[in-house]
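All remarks here apply to the structure that follows.
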Amino acid sequence: MHSDEGHLSPSGVLIANDFRANLIIDHDPVFADVRASKLKHLRGANSEDAVTWNVFRSLRQISPHTRVVATSVAKCIPIDRVSG
């Protein structure tokens with residue numbers, strides 16, 4: 001996100017004018033029914049919500065085996081215990 005796409009918060013974090021500036025996948029259809037109060041959490045440059053969305057929606061686009069391994073890592077299950 002470029003500085004001309006938003007403004008700085010009081011603490012100095014870049015806040016996007018549009019939450020889509022922080023997303024790398026699924027910009028429009030999925031968010032049609034989401035409340036504006038929820039979308040504002042996606043606008044911050046260091047938004048954990050945006051990072052989580054980008055990671056898990058991107059993983060969903062790749063092979064099922066890779067998703068299982070990534071999910072297992074997130075749950076702190078050793079990869080060698082994941083059955084393929």
Side-chain angles (χ1 to χ4, degrees):
M1 176 172 43
H2 302 290
S3 60
D4 60 340
E5 296 175 356
H7 62 278
L8 292 178
S9 72
S11 63
V13 175
L14 186 59
I15 305 296
N17 293 329
D18 186 338
F19 72 93
R20 292 173 191 92
N22 277 342
L23 303 180
I24 60 174
I25 193 167
D26 294 336
H27 293 110
D28 291 314
V30 178
F31 294 101
D33 296 325
V34 176
R35 292 179 293 157
S37 62
K38 294 287 185 182
L39 294 178
K40 74 177 185 177
H41 296 291
L42 295 171
R43 293 174 48 213
N46 58 356
S47 167
E48 291 177 3
D49 292 336
V51 171
T52 301
W53 179 265
N54 287 327
V55 168
F56 287 99
R57 290 300 283 198
S58 295
L59 288 173
R60 186 176 179 187
Q61 300 296 316
I62 57 180
S63 72
H65 175 70
T66 304
R67 279 200 313 257
V68 170
V69 171
T71 302
S72 296
V73 170
K75 292 181 180 177
C76 300
I77 298 171
I79 292 175
D80 61 339
R81 294 183 63 192
V82 176
S83 61

- [ ] Of all the heavy-atom pairs spanning G6 and L14, show the shortest one and how long it is.
- [x]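 Smallest interatomic distance, heavy atoms only, reads C-CD1, 4.1 Å.
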- [ ] Kindly say whether N54 contributes a backbone atom to a donor-acceptor pair with the side chain of N22 at under 3.5 angstrom?
- [x] no
Task: Side-chain donor or acceptor of S47 paired with backbone N/O of R43 under 3.5 Å - done: no
- [ ] Answer yes or no: is there a side-chain heavy-atom contact under 4.5 Å between I15 and L8?
- [x]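 A side-chain contact is absent here, since even the closest heavy-atom pair is not under 4.5 Å.
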Under the side-chain contact (heavy atoms from CB on, under 4.5 Å) test, which residues partner [X], sequence neighbours left out?
X: L39; result: F19, F31, V34, L42
X: S58; result: I24, I25
X: S11; result: S9, V13

